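Because the structure is predicted, anything quoted here is derived from the model rather than measured. The chain is numbered in sequence order, starting from 1.
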Amino acid sequence: MGKNPSISKIRNIGIIAHIDAGKTTITERILYYTGRSHKMGEVHDGEAVMDWMPYEQERGITITSAVTTCHWNGAEIHIIDTPGHVDFTIEVERSLRVLDGVIGVFCAVAGVQPQSETVWHQADKHRVPKIAFVNKLDRAGADFFGTVQMMSDRLGANPLITQIPAGLEESFQGVIDLLSMKQLIWDEETMGATFRITDIPEGLMETAVESREKLVESVAEVDDQIMDAYLAEASMTPEMLVSGIRRATTSLKLVPVLCGAALRNKGIQPLLDGIVDFLPSPLDVPPMEGMDPDTRQVKKIHPSEQSPLAALVFKVMMDQGRRLNYVRIYSGRLCAGDEVLNPFRQTREKVARILAMHANKRERIAEAGVGNIVGVVGLKASVTGDTLCDPSDPIVLEPIDAYEPVISVAVEPKTHSDQEKIEQALNKLETEDPTFRVRHDEDTGQIIISGMGELHLEILVGRLKREFHTQVNVGKPHVVCKETVEQVAQGSAIFEREIGGTRHFAEVTLKLSPRERGKGNWFANSLSAESVPSEFVPAIEQGAVEALESGVLLGYPVVDVAVVVIGGTYRESLSTDLAFKVAAAMACKEGLQKAGPLLLEPIMAVEILVPELFMGDVIGDINARGGKINHLYPRGEMQIIDATVPLSKMFGYSTALRSATQGRGTFTMHFAHYDRALQPPKVL
């Protein structure tokens, strides 16, 4: 870690993209050229520094977001390499929450792919400035300008081309930098560590001049300083353009586009320059907002080391049996030995050690300041999304959204000794991963684990065996459904009972009605205080909410229902919170029975890439699975089928698609929404 660089020199960036677009390969090159590692690890050899988990090396994919630090041109760059697979979306979500800028990587052959869209829109949601890198320009079928056009069409982005490729496919040599109007050619002998700067060749000069004019016009449209110079017909120096592009990128008006071929070691040094030149430091982004837990007032957090500490835990990892928390510091300083407050859990935590992270290697440091992303050892209660702050100046930062799991399997320990270990192991995995849930099925006695997809659960079961030495039997995957109602109905209940020598009485009538899909549950009280005193309304709401946690069909949670209190009776001295809570739960259950309960199942958005020859078979198979074709459009010599299909019908689909297309078809899917189940899925 550098000697406390100034905050303006820090860049907290992430690399986001569809699976296999080249994120990890780019990170490996960045680490090599910045001197952070002395050998380039390759994903396909299972040697990438950032893919350090055994599963990542075996499968050649990124599963967990890794953090590392490197230096370039006086700047300290903290990089998070995020997964591209949809099952690990939470890793992207929590990384974006703590980043100041991202690099979106796109494959020049495949263009903007479905998971690229998902992660790009996640970055939009968090208002994170972005630059784009079009990778794999050396591959057959590479189309740089087509990919940039797709960024506009599919992502709603405003791309700004700052480089164009010199050659394409086999003849790809390097890039033409439109700011300096020079050509950069990388030397093969030095593995891309050195490059030559030459004049632009005749054949490319016309395209380069046109592209530069467009670049200047685009920046002038969104930046007043460049507009003034443009109207005065002043000559545009590269330095002027860089500062204009930086302002436009930081304010989310433009997305600078760079290009290269990471596997061939071309285009990485200008990408590093782009990170330093265009992406914001912690000082350039709007101040974070938090809430005072006592007064509920909104407070702005200014990135200053003189301010009180405010930091966010964005990831928890079990490391050799110890808890390691990844923390982003927004203000103040964090020192080893400090006692900090976790206002959400209302506990004080001791910072035993602070670690500068380099994937799974680390270096102990005494303290860390604003803008740093560090590992902290010693926190016992803090989990993903919790705030750490100065005990004398408490503040709560906005927590991190988690996703609801959509798929479950039953697991059972193989031996008695595994029985003792499994509970502890599952608790640790649940602490690490907010999208992983564990529950005990009281009817069957089984342990049910739920996650975001088949691969997610497969990896977690693998970790139980490999890391925790726990042998388990695994059942078939089952879909996690929800329940709702399709009619308006009323439910009434009277609770009158003596408990512990005290009589309790309450009567409640509730009206249940369906809400639009995806709107969630809603509670309201229409009674006057004369019918039921207002102090009992929270108890009625609590009873109704608890009743909706388990539906009347198969016991799944009930969603998209409006519950309104329309009747009730109370008796002085006999009515209690307990009585109203129980009466409300009973009334809600009765209402659910009468309101036409129905089952909802997860529907997946599926994008299938197939040669035209096999279109008919693939579409027929999707229809047979109860799917709906939304769009068909060509991409080169392939066809893309955009469909929605119930998750319950997608198990084993990769094998079916391979056999129907002679191994040439590929697909990606992600959760779209819940909808009416065509037939009741099997119950666990």
Step by step, would you call Val257 with Ile131 a side chain to side chain contact (heavy atoms under 4.5 Å, CB included)? CA-CA 6 Å; Val257 180; Ile131 62 176; over 6 Å; no
Audit row: Glu289, Lys300, salt bridge (Lys or Arg N to Asp or Glu O under 4.0 Å) steps and yes/no: CA-CA 5 Å; Glu289 288 189 347; Lys300 281 197 174 358; 2.8 Å; yes
For Asp124 and Lys130, run side chain to side chain contact (heavy atoms under 4.5 Å, CB included): C-alpha distance rounded to whole Å, both residues' side-chain angles, the deciding distance at 0.1 Å, then the answer. CA-CA 9 Å; Asp124 282 342; Lys130 297 172 280 289; 2.7 Å; yes
Derivation of the side chain to side chain contact (heavy atoms under 4.5 Å, CB included) call for Ser281 and Ile10: CA-CA 5 Å; Ser281 76; Ile10 291 176; 5.5 Å; no
Between Thr644 and Asn630, does a side chain to side chain contact (heavy atoms under 4.5 Å, CB included) hold up when you go through it step by step? CA-CA 7 Å; Thr644 44; Asn630 300 323; 3.6 Å; yes
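Take Val276 and apply the side chain to side chain contact (heavy atoms under 4.5 Å, CB included) test, not counting sequence neighbours, and it matches Arg11, Trp72, Ala75, Ile77. Taking the ring pair (Phe, Tyr, Trp, His ring centres under 6.0 Å) definition, one finds that Phe614 meets it with nothing, sequence neighbours left out. In terms of the ring pair (Phe, Tyr, Trp, His ring centres under 6.0 Å) criterion, Tyr230 has no residue partners (sequence neighbours excluded).
Checking side-chain atoms of Arg333 against main-chain N and O of Glu305 turns up no donor-acceptor pair under 3.5 Å. In this structure a side-chain-to-backbone donor-acceptor pair under 3.5 Å is missing from Thr250 to Asp284. Without hydrogens or angle criteria, Asn372 side chain to Val374 main chain gives no donor-acceptor distance under 3.5 Å. Although no hydrogens or angles enter the test, the distance criterion places a donor-acceptor pair under 3.5 Å between the side chain of Ser218 and the main chain of Lys214. The closest donor-acceptor contact from the side chain of Glu607 to the backbone of Ile640 lies at 3.5 Å or more, if one exists at all. A distance-only check finds no donor-acceptor pair linking the side chain of Arg29 to the backbone of Asn265 [under 3.5 Å]. With Ser307 contributing its side chain and Pro303 its backbone, the two residues share no donor-acceptor pair below 3.5 Å. Listed for the Gln163 side chain is a donor-acceptor partner under 3.5 Å among the backbone atoms of Cys259. The closest donor-acceptor contact from the side chain of Arg328 to the backbone of Leu312 lies at 3.5 Å or more, if one exists at all. Here the side chain of Lys136 pairs no donor or acceptor atom with the backbone of Val134 at under 3.5 angstrom.
Heavy atoms only, all atoms of each residue included: Ala123 and Leu96 are closest at N-CD1, 3.5 Å. In terms of heavy atoms, Gly74 sits closest to Lys9 at O-CD, 3.6 Å. Here the closest non-hydrogen pair linking Pro270 and Leu258 is O-CD2, 3.5 Å. The minimum heavy-atom distance between Val255 and Ala157, with the atom names listed, is CG2-CB, 4.4 Å. Residues Thr384 and Lys315 approach most closely at OG1-CA, 3.8 Å, considering heavy atoms. Of all heavy-atom pairs spanning Val112 and Thr147, the tightest one is CG2-O, 4.3 Å.
Counting only N and O atoms by type, the side chains of Trp186 and Gln269 include a donor and acceptor under 3.5 Å apart.
Residues Asp100 and Ile13 are not in side-chain contact: their nearest non-hydrogen atoms beyond the backbone lie 4.5 Å or more apart. Side-chain contact between Ser304 and Ser331 is absent, with no heavy atoms from C-beta onward closer than 4.5 Å. Inter-residue side-chain proximity for Gln183 and Ile197 is flagged as unmet; no heavy-atom pair is nearer than 4.5 Å. Considering only heavy atoms from C-beta on, Ser243 comes within 4.5 Å of Arg247 through its side chain. The shortest side-chain heavy-atom distance between Asn158 and Ser152 does not fall under the 4.5 Å cut-off. Side-chain contact between Leu168 and Leu137 is present, with heavy atoms from C-beta onward closer than 4.5 Å. Put simply, the side chain of Val102 does not reach to within 4.5 Å of the side chain of Leu279, judged on heavy atoms. Looking only at side-chain heavy atoms (C-beta outward), Met288 and Ile395 stay at 4.5 Å or farther from each other.
Evaluation of the ring-ring contact (aromatic ring centres under 6.0 Å, His included) test over residues 126-180, restricted to residues two or more places apart or in two chains, returns none. Under the salt bridge (Lys or Arg N to Asp or Glu O under 4.0 Å) criterion, the residue pairs touching residues 252-278 are Asp138-Arg264, Glu188-Lys266, with sequence neighbours excluded. For residues 192-208, the salt bridge (Lys or Arg N to Asp or Glu O under 4.0 Å) pairs, not counting sequence neighbours, are Lys182-Asp199, Asp187-Arg196.
From Ile176, atom CD1 reaches atom CD1 of Ile185 across 8.0 Å, with rounding to the nearest 0.5 Å. Rounding to the nearest 0.5 angstrom, the gap separating the OG1 atom in Thr162 from the CG atom in Leu178 is 6.5 Å. To the nearest 0.5 Å, the span separating CD1 on Ile103 from CG on Asn135 amounts to 11.0 Å. The CG atom of Asp642 sits 8.5 Å away from atom CD1 of Ile629, with the distance rounded to the nearest 0.5 Å. To the nearest 0.5 Å, atom CD1 of residue Ile301 and atom CD1 of residue Ile329 are 12.5 Å apart. Atom CG in Leu254 sits 5.0 Å away from atom CG in Leu160 (nearest 0.5 Å).
For Arg127, the CZ atom is loosely surrounded, since the number of other residues' heavy atoms within 6.0 Å does not exceed 12. The environment of Asp153 atom CG is dense: over 12 non-hydrogen atoms of other residues, nucleotides or ligands sit within 6.0 angstrom.
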